[in-house]
Amino acid sequence: MHIRLRVKRFEAGKDREPYWSEYGLEVEATDRVLDALHRVKWHQDGTLTFRRSCAHGVCGSDAMLINGRNRLACKVLIRDVGDHIAVEPLRGYPVIRDLVVDQSAFFRKYESVQPYLVADGEPPARERRQSPAERERFDDTTKCILCMACTTSCPVFWPNPEYVGPAAIVNAHRFLFDSRDTEKEGRLARLNAGDGVWRCRTIFNCVEACPREINITRAIGEVKKALLLQKG
Amino acid sequence: MAELTAAGGRTRPAGKLELYAWLFMRVSGVVLLFLALGHLAIMHLLEGVDKINFAFVAGRWSNPLWRFYDWFLLALALVHGFNGVRVMVDDYVRRPGLRVFSLVMLWVLTLVFLVAGTLVIVLFQVPVGG
Amino acid sequence: MALVYHQHEVVIVGAGGAGLMAALALRGRDVAVLSKLHPVRSHTGAAQGGIGAALGNMEEDHWEWHMFDTVKGSDYLADQDAVEILAREAVETVMDLEHWGLPFSRTPEGKIAQRKFGGHTKEYGKEAVRRSCYAADRTGHMILQTCYQQGIRHQVKYYNEYMVVELLVESGRTAGVVAVSIADGQLHVFHAKAVLFATGGFGRMYEVTSNAHALTGDGVAVAWQAGVPIEDMEFFQFHPTGIYRLGILITEGARGEGGKLLNGKGERFMERYAPSMLDLAPRDIISRCIYRELREGRGIHGQGYVHLDLTHLGAKVIHEKLPDITDFVRTYLGIDPVKEPIPVQPTAHYAMGGIPTDMWGRVVVDEKNKILPGFYAAGECACVSVHGANRLGTNSLVDILVFGRRAGRDIARYVGENEYPPLAPHAGEATGERLARLREGRNGSGGRAESVADLRETLQREMMEKASVFRTSGLLAQMSEKLFELRQRFQNVVIQDRSTVFNTDLMEALELGFLLDVAEATVAAALARSESRGAHFREDFPQRDDQNWLKHSLAYRGADGKIEFKYKPVTITRFEPKERKY
Amino acid sequence: MYRGGPGQWAWLLHRWSGVAVLLFLLIHILDTGLVLFGPQVYDKVVGLYTHPVFRVGEVGLVAAVLYHALNGIRITLIDFYPELTERQRPLFYAVVSVFVLLFLPTAYLMLETLLW
Ligand SMILES: Cc1cc2nc3c(=O)[nH]c(=O)nc-3n(C[C@H](O)[C@H](O)[C@H](O)COP(=O)(O)OP(=O)(O)OC[C@H]3O[C@@H](n4cnc5c(N)ncnc54)[C@H](O)[C@@H]3O)c2cc1C
Ligand code: HEM
Ligand code: SF4
Ligand code: F3S
Ligand code: FES
């Protein structure tokens, strides 16, 4: 089938304003949007710039705004978006070039929630025990691939880049509800700050954007509740 | 890679302010549900604006319970509404100076309206024989 | 453009499981981790099925059994001293991961859960054993995340989106690397006492592959260009179950849970080829069986695929244990694996060969295991060799972690004992000039301008046809000629993007150069090896030939560009080569 | 415009209905304050509210409060029972339905006198 692909272009340090490039090309309805971008890059316009690696939705490289929604280009098929496709970079972070945004601020937020297990004491010789139910408790949030789709879909984040954002909260949740972790307080205190979890207004855009189908708003709600019920 | 932005892991310590504000919004919301919808139902549905005049107010406020009801509604709605706007200022006003200014103005305004509204309700004298 | 100079005691290139593990083993030291992708985008994150370790959590198991299976699976080409280390240290490595927070799936008693996987058996081949430790079907994702998280905790220094293009060797010692920072095109020289390459595989030399676009063999090619040989390149594994045409992997765990392979007649054809292990025979064997079925007209509707049937497992097992692949199949095929079988074909998956190393990750440069001081390699880009001619499922994750860590430990010793080697004053400048020529379109000898995409597509298609599962001297010779032609045309590549900012056009050109290197080595090694062993199957020499070929190949790029070979004996300790039956 | 789900629109409406109601509240405090100046002043000003324009505005106010209140309940419920996030869409449609159910008869009753 024939499609019209429009891409919002920009090069930091060169362009003052973003502009649109338009391409016409033949694709299969079952091709990924990433395939279409590749076809353009490889056979029409080598200057078109985007990140990608795994091409099947597990590395988190290619989140972008596709027809007005944050998606992974490698996880949306042409037939799901139709023959008029408009692609833009994620909102809220500086664009380096075309569909590539600067991720450093995003990862600084992620790092700020201590996204790693802290377990007091010498570990046992074998594994720490954890029941299947305890393991299930945080399963959903272990799926995050840090693709940035959620945070950059959040209307609270757009005007306020200080908001720690759903992705960081998801990763804090992953450890807050892990029975082995002993560093709950520091993480909770971080999320209790002015740019923390209370900024979330239950908008659910993050959930709709998440390619891993994580129920992010639920995770955020559970963190809020944990703060609420925290002693002291 | 090059750092093009500075907005990162900065945190604004909040104590429990944000938590209580959040909780207050929900609790006051539920109370307001009864107060505000009750008020609307009485004033605009059962009575209708054409019936509202000085005499009506006087009649109503001769009962201190109604005075309290109205004051409570006023206070709660004001604080709830202003806290809502405070959240919006935090969201939208990025320039630090402007932000502080907006927040101060907001609290001043809230106080002024709260005091003014309270004075009205407290000072109002039901005319004799009214 | 001036080069930016950095100095770090250790430079690790690659931030997948192997690179991150090494960095963790070196925590507290002056280490820089360079990666052309952000660490969490590394392809370790795509690994699904599990990591093998004889924990014996679900049934009796011993590292000796694991070792035996690995050696047998390798078609006896693996070095058994290295395999012993792999099998022994797998257990403590898995425990370390657990202690670092890796969320393994659990048994009812709260222990790490394990499942069956291809080629893993009890009592030296009796029947399948549950050895693969897993976290649903995203084990690799969890490993990558956990290692990256611990790296943050221990303040590892990352240089993200830095692409390494040259290894610096000064008077017989490793002195550092040259890298391009992708964001702004700046060239950097990293001066180091020790360099570890952990750059992953190169499945992208084939058309249908489970590998990421970024897996283009950079480290292997860069080392080769610096004069280091590459080992056992003829052995490239095709995984039997890639999604038809797309190549996206359906983990062996699906068969570990009881999934069956069916041909166009609805037969469970593995009954004929491997009566005891059936669908859990090693990958090389199953991939060949699938191709046989296809050739003999027993594909589904006569097409180029067979079915992987999970429908009898029931919705609960599929959703709990294989959630991600369910999602892939739904997204890309619109099929519900609970109700319908999945169309699959073999997909280029794993490079057994790579940069030769000893058991401490030290790179060796000849058949007598002479070391190139300061140069280390680990992970899929390295060849220890623990996988020999064919890797067993779950053994790569063990390999990258066990040997990533060992390399890290030895580097710690090495940098403690040695000073910085001298760095040539103009280091990296020639590379800078080469890149500038490419970027500015001044490349080539004036012939017809060639496009990177066209050359790459030709390479991938031809490699698939001529140098994949079934090989003959005729096909390989044709491929060799084709590669010569592609190499010529590559000299005339002209890219469109002239910018220095995030120039992916330029990156792809460099990557194509690397792919051509590894493809040339693969084809030459395959042509040389006149026997069939593991993943290397020569129709003109269908038997294994231990008399002549129980040895590792080392490919060198001669001064004239020709490829020459040396051979290195296989270390055999416990298990004498036997015929391989399942 | 970002093509968010119902949650995005629910939130936008909630936010601006809240602001609208707040603005009304401020005006309402001022006009009620006029009672202190005696019946003449108060009745004259409040009498303006019987003008059709204000009558329609009044219906708008009721709509804003009603929607804001119902959606506020939805949000509060979701906040205290995170498992309800799985039902956020149905809950939003419930808010819309209850709103329509309550608002239409109310609006009719309020505007009845205007119509006749
Ligand atoms: C789909 C799939 C499923 C798999 N499942 C399993 C499984 O269940 N069990 C198992 O044991 N194995 C499995 N494997 C194999 C295993 O996952 C890989 O072999 C292993 O993860 C490789 O790890 P690595 O650290 O060597 O490389 P990778 O994780 O691939 O990392 C390579 C790193 O090198 C960097 N890099 C590359 N080139 C450059 C350059 N020029 N400059 C700078 N940096 C560079 C990259 O950015 C990246 O960070 C699977 C593989 C695939 C593809
Ligand atoms: C009638 C019952 C009411 C209920 C149940 C209710 C409930 C709520 C809740 C739960 C919030 C928080 C929303 C969030 O954090 O995302 C909120 C916000 C708000 N409310 Fe109310 N409220 C009511 C009445 C009012 C009234 C009378 C006013 C005006 C004075 C008002 C003005 C606001 C404002 C301005 C906000 C901020 C909106 C935002 O942050 O997006 N509310 N309300
Ligand atoms: S929570 Fe989902 S959308 Fe957000 S970063 Fe993780 S995977 Fe991406
Ligand atoms: S979109 Fe934003 S407001 Fe909360 S529910 Fe998601 S983080
Ligand atoms: S390319 Fe990896 S998620 Fe899309």
Side-chain angles (χ1 to χ4, degrees), chain A residues 11-14 30 32 38 41-43 45-61 75 77 96-98 100 102-104 107 110-111 114-119 123-132 134-135 138-139 142-146 174-175 178 180-181 213, chain C residues 37-38 40-43 45-46 55 94-95 98-101 103-113 135-136 138 141-142 145-146 149-150 152-153 160 183 212-215 246 248-249 324 327-328 331-334 451-454 456-457 495-499 501-505 508:
Chain A
E11 182 176 329
K14 176 166 159 254
T30 51
R32 298 161 268 208
H38 266 147
K41 175 162 187 71
W42 292 340
H43 301 297
D45 181 354
T47 65
L48 180 64
T49 305
F50 49 93
R51 288 192 182 100
R52 84 317 182 231
S53 184
C54 71
H56 65 285
V58 298
C59 77
S61 296
K75 250 195 132 171
L77 305 189
I96 296 174
R97 181 141 180 224
D98 296 354
V100 174
D102 182 353
Q103 316 174 323
S104 41
F107 278 99
Y110 164 75
E111 287 167 23
Q114 296 176 271
Y116 39 77
L117 187 87
V118 181
R126 298 284 293 193
E127 63 264 53
R128 290 194 182 82
R129 296 295 176 98
Q130 183 169 57
S131 72
E134 287 169 330
R135 168 64 181 78
F138 62 99
D139 186 62
T142 62
K143 297 189 293 197
C144 175
I145 54 175
L146 296 165
R174 145 92 194 69
F175 292 100
D178 187 330
R180 299 168 294 175
D181 188 79
E213 289 169 24
Chain C
L37 305 171
H38 186 283
V40 297
R41 319 282 180 229
S42 301
H43 209 53
L55 306 185
V94 166
M95 291 308 158
E98 199 282 334
H99 296 152
W100 291 344
F104 283 108
S105 295
R106 299 286 171 159
T107 66
E109 314 87 76
K111 297 193 218 163
I112 295 172
R138 22 179 185 269
H141 165 74
M142 301 296 191
Q145 294 280 326
T146 303
Q149 290 159 356
Q150 290 298 317
I152 293 174
R153 184 173 182 195
N160 298 335
H213 284 280
L215 289 179
L246 294 171
I248 297 169
L249 196 80
D324 276 12
D327 180 38
F328 299 151
T331 306
Y332 298 110
L333 299 173
S451 108
V452 171
D454 288 345
R456 189 181 47 225
E457 279 162 16
I495 63 171
Q496 290 176 19
D497 196 343
R498 300 274 175 272
S499 171
V501 179
F502 223 96
N503 190 332
T504 49
D505 216 15
E508 288 191 16

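Small disclaimer: the values here were computed from a predicted structure and weren't measured. Chain letters run A, B, ... following the sequence lines, proteins first, then strands; residues in each count from 1.
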Taking side chain as everything from C-beta outward and backbone as N, CA, C, O, which of these in [X] sits under 4.5 Å from a heavy atom of chain A? Side chain, backbone, both or neither.
| X | value |
| --- | --- |
| Pro108(C) | backbone |
| Glu109(C) | both |
| Thr146(C) | neither |
| Ile248(C) | side chain |
| His141(C) | side chain |
| Leu55(C) | both |

Which one wins on heavy-atom pair count under 4.5 Å against chain A: [options]?
| options | result |
| --- | --- |
| Gly110(C), Ala46(C), Ala453(C), Ser42(C) | Gly110(C) |
| Leu37(C), Asp324(C), Asn503(C), Ile495(C) | Asp324(C) |
| Gly45(C), Ala135(C), Ser105(C), Ala214(C) | Ala214(C) |
| Ser451(C), Gly334(C), Ser499(C) | Ser499(C) |

* Residues Phe502(C), Asp98(A); criterion side-chain contact (heavy atoms from CB on, under 4.5 Å); working and verdict -> CA-CA 9 Å; Phe502(C) 223 96; Asp98(A) 296 354; over 6 Å; no
* How far apart are the C-alpha atoms of Ile96(A) and Val501(C), what are their side-chain angles, what is the distance that settles it, and do they pass the side-chain contact (heavy atoms from CB on, under 4.5 Å) test? -> CA-CA 8 Å; Ile96(A) 296 174; Val501(C) 179; 3.7 Å; yes
Is [X] salt-bridged to [Y], cutoff N-O under 4.0 Å?
| X | Y | value |
| --- | --- | --- |
| Glu11(A) | Arg498(C) | no |
| Arg138(C) | Asp139(A) | yes |
| Glu98(C) | Arg180(A) | yes |
| Asp327(C) | Lys143(A) | no |

Output the distance between atom [atom1] ([X]) and atom [atom2] ([Y]), rounded to the nearest 0.5 Å.
| X | Y | atom1 | atom2 | answer |
| --- | --- | --- | --- | --- |
| Arg51(A) | Arg41(C) | CZ | CZ | 7.5 Å |
| Glu457(C) | Trp42(A) | CD | CH2 | 6.5 Å |
| Arg128(A) | Ile112(C) | CZ | CD1 | 11.0 Å |
| Arg32(A) | Leu246(C) | CZ | CG | 5.0 Å |
| Lys41(A) | Asp497(C) | NZ | CG | 6.0 Å |
| Asp505(C) | Thr49(A) | CG | OG1 | 8.0 Å |

Any non-hydrogen side-chain atom of [X] less than 4.5 Å from a side-chain atom of [Y]?
| X | Y | answer |
| --- | --- | --- |
| Arg106(C) | Ser131(A) | no |
| Gln145(C) | Leu146(A) | yes |
| Gln496(C) | Asp45(A) | yes |
| Arg153(C) | Val118(A) | yes |

* **CA sep, side-chain torsions, deciding dist, call: Glu127(A), Phe104(C), side-chain contact (heavy atoms from CB on, under 4.5 Å)** => CA-CA 10 Å; Glu127(A) 63 264 53; Phe104(C) 283 108; over 6 Å; no
For the interface with chain C, which of [options] has the highest count of heavy-atom pairs at distances below 4.5 Å?
| options | value |
| --- | --- |
| Phe175(A), Tyr116(A), Phe138(A) | Tyr116(A) |
| Asp181(A), Leu48(A), Ile145(A) | Ile145(A) |
| Cys54(A), Ser53(A), Pro123(A) | Ser53(A) |

* Parallel, tilted or perpendicular, as decided by the 30° and 60° cut-offs, for the rings of Phe107(A) and His38(C) -> parallel
* Main-chain N/O of Met95(C) paired to Arg126(A) side chain as donor or acceptor, under 3.5 Å -> no
* Spell out, as yes or no, whether a donor-acceptor pair under 3.5 Å connects the side chain of His43(A) to the backbone of Asp454(C). => no
* How close do Thr142(A) and Pro103(C) get, heavy atom to heavy atom, and via which atoms? ->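 Shortest heavy-atom contact: CG2-CG, 3.9 Å.
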* Would you check if the distance from the ring center of His56(A) to the ring center of Tyr332(C) is below 6.0 Å? => no
